[in-house]
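One structure is given below, encoded as structure tokens.
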Number of protein chains: 2
Amino acid sequence: MSDLLIREAKKADVEAVVRLHEADALAGHGDAWTEANGPVYEAAFATLAAHPDHTLYVAETEGAVVGTFLLSFLPGLTGVGALHAELRAVQVRSDLRSRGIGARMVAFAETEARRRGAAVLELTSNLKRVDAHRFYERLGYAKSHAGFKKKLGPAR
Amino acid sequence: MSDLLIREAKKADVEAVVRLHEADALAGHGDAWTEANGPVYEAAFATLAAHPDHTLYVAETEGAVVGTFLLSFLPGLTGVGALHAELRAVQVRSDLRSRGIGARMVAFAETEARRRGAAVLELTSNLKRVDAHRFYERLGYAKSHAGFKKKLGPAR
């Protein structure tokens, strides 16, 4: 993977990024690149691209998008006003795993988080992703928290 | 707790909010209201107060701040462009727990998250906070994720 390039995503990458999420059979979020969804994803990308606190990245090799992650920065009061970085929506193409692409993406995110002054890099990972959990622990991440989610229906 | 008021924090509340975090012996983040830290916290609060995606709240009863949480909104691509809400930095004064203050704060956060169009409300909670985990599960939160953190030192 010596030719791996990690760069900010462009509008032309959105379909490839969504297809990486779509291929995630283990713990995806119902993502699918369809005629109806395409404009929704493009609008969501435009929101991210215009937002100073969030950046969507792709990992590219031989002209193909093979990985993606979203890096977000959140101000806060705790930790004596620490800036928190969050690594979100991480995917590596399934046939290219265990070749160091994920480690390169995480290292890139850490460098960028340090550059922007974040005190901590955080992420949550579905409990089903046991391989990913070993991967993050190998990279020095402490599995210190439980992650809770509630889907919000319409107001009752 | 019928007189409980949940409202946006003001600058005058910052010390009380920090002291709630300072009193958290279980899983705090080294917070302490000191002469040196005070201006740092006030600057961090000013950043939050000016930011459209983050709001610091307090729960007040009889003129005293007895609880706090931070509600953050994060755009994203997954979940077909779903807006995510995050509940962060939740504290209830230790002598006033199990009286429904936390449940009122969570309900407030859910209402606000729905109003702003979030599809999901997420949070992480230190693995040591087993009582809090039962509390969130009672309120309909699924413990579906593991939360990882890495402190970022200076660049190597």
Side-chain angles (χ1 to χ4, degrees), chain A residues 14 17-18 21 28-32 37 40-41 43-45 47-48 51 53-54 56 70 72 74-82 85-86 88-89 110-111 113-115 118-127 133 136-137 139-152 154-155, chain B residues 14 17-18 21 28-32 37 40-41 43-45 47-48 51 53-54 56 70 72 74-82 85-86 88-89 110-111 113-115 118-127 133 136-137 139-152 154-155:
Chain A
V14 174
V17 169
V18 171
H21 289 292
H29 297 90
D31 288 293
N37 286 354
V40 182
Y41 286 117
F45 173 72
T47 298
L48 290 172
H51 202 304
D53 297 344
H54 308 281
L56 183 68
L70 178 55
S72 298
L74 291 83
L77 208 62
T78 53
V80 197
E86 278 193 21
R88 303 164 60 207
E110 289 178 6
T111 299
R114 275 195 190 91
R115 190 184 70 76
V120 63
L121 182 54
E122 307 175 347
L123 63 103
T124 66
S125 178
N126 193 293
L127 291 176
H133 298 185
Y136 289 119
E137 291 191 298
L139 295 178
Y141 287 77
K143 195 163 77 176
S144 55
H145 284 61
F148 294 82
K149 287 180 197 265
K150 186 177 189 174
K151 284 185 187 168
L152 300 173
Chain B
V14 173
V17 168
V18 170
H21 290 292
H29 296 90
D31 288 294
N37 287 352
V40 181
Y41 286 117
F45 173 72
T47 298
L48 291 172
H51 201 304
D53 298 342
H54 308 279
L56 183 69
L70 178 54
S72 298
L74 290 82
L77 209 61
T78 54
V80 197
E86 278 192 23
R88 303 163 61 206
E110 290 178 5
T111 299
R114 275 194 189 89
R115 190 185 70 77
V120 62
L121 182 54
E122 307 176 345
L123 64 103
T124 65
S125 178
N126 193 293
L127 292 175
H133 298 185
Y136 289 119
E137 290 190 299
L139 294 178
Y141 287 76
K143 195 163 76 177
S144 55
H145 284 61
F148 294 82
K149 287 181 196 263
K150 186 177 188 173
K151 285 187 187 166
L152 299 173

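These numbers were taken from a predicted model, which means no experiment stands behind them. So you know, we letter chains A, B, ... as the sequences are listed, proteins then strands, and number each from 1.
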Query raised in the report: Just how far is it from atom NZ of A:Lys149 to atom CD of B:Glu86, taken to the nearest 0.5 Å?
Result: 8.0 Å
Query raised in the report: Is it the side chain or the backbone of B:Ser144 that comes within 4.5 Å of chain A heavy atoms, both, or neither?
Result: both
**Report entry** A:Leu48 versus chain B, the contacting section by heavy-atom distance below 4.5 Å
**Finding:** side chain
Requested in this report: State the NE2-NE2 distance between A:His145 and B:His133, to the nearest 0.5 angstrom.
Outcome: 8.0 Å
Report summary line: In short, A:Ala113 meets B:Leu152 closest at the heavy-atom pair CB-CD1, 3.6 Å
Report task. Count the heavy-atom pairs under 4.5 Å between each of A:Val18, A:Leu127, A:Val40, A:Asn37 and chain B, then report the option with the highest count. Result -> A:Leu127
Requested in this report: Heavy-atom distances under 4.5 Å only: say whether B:Ala142 touches chain A with side chain, backbone, both or neither.
Outcome: both
Query raised in the report: Side chain, backbone, both or neither: which part of A:Ala119 has an atom under 4.5 Å from a heavy atom of chain B?
Result: backbone
**Report entry** Contact origin within B:His21 toward chain A - heavy atom pairs under 4.5 Å
**Finding:** side chain
Report summary line: Applying a strict 4.5 Å limit to non-hydrogen atoms, the region of B:Leu123 in contact with chain A is both
Query raised in the report: Nearest heavy-atom pair of A:Pro75 and B:Thr47: which atoms, and what distance?
Result: CB-CG2, 3.9 Å
Report summary line: Looking only at B:Ala89, B:Gly30, B:Gly76, the option with the highest number of non-hydrogen pairs under 4.5 Å against chain A is B:Gly76
Report task. Against chain A, work out which of B:His29, B:Glu122, B:Lys151 has the most heavy-atom pairs shorter than 4.5 Å and name it. Result -> B:Glu122
Query raised in the report: Checking B:Ser72 against chain A: side chain, backbone, both or neither under 4.5 Å from a heavy atom?
Result: side chain
Query - A:Arg115, part contacting chain B, at a heavy-atom distance under 4.5 Å - result: neither
**Report entry** Note, A:Leu77 side chain near B:Asp31 side chain (heavy atom, < 4.5 Å)
**Finding:** no
Query raised in the report: Based on non-hydrogen pairs under 4.5 Å, which of A:Ser125, A:Gly140, A:Ala44 is most in contact with chain B?
Result: A:Ser125
Query raised in the report: What distance separates A:His54 NE2 from B:Leu74 CG, expressed to the nearest 0.5 Å?
Result: 4.5 Å
Query - Min side-chain heavy-atom separation A:Val80-B:Tyr41 under 4.5 Å - result: yes
**Report entry** Geometric class of the A:Tyr136/B:Phe148 ring pair [parallel <30°, tilted 30-60°, perpendicular >60°]
**Finding:** tilted
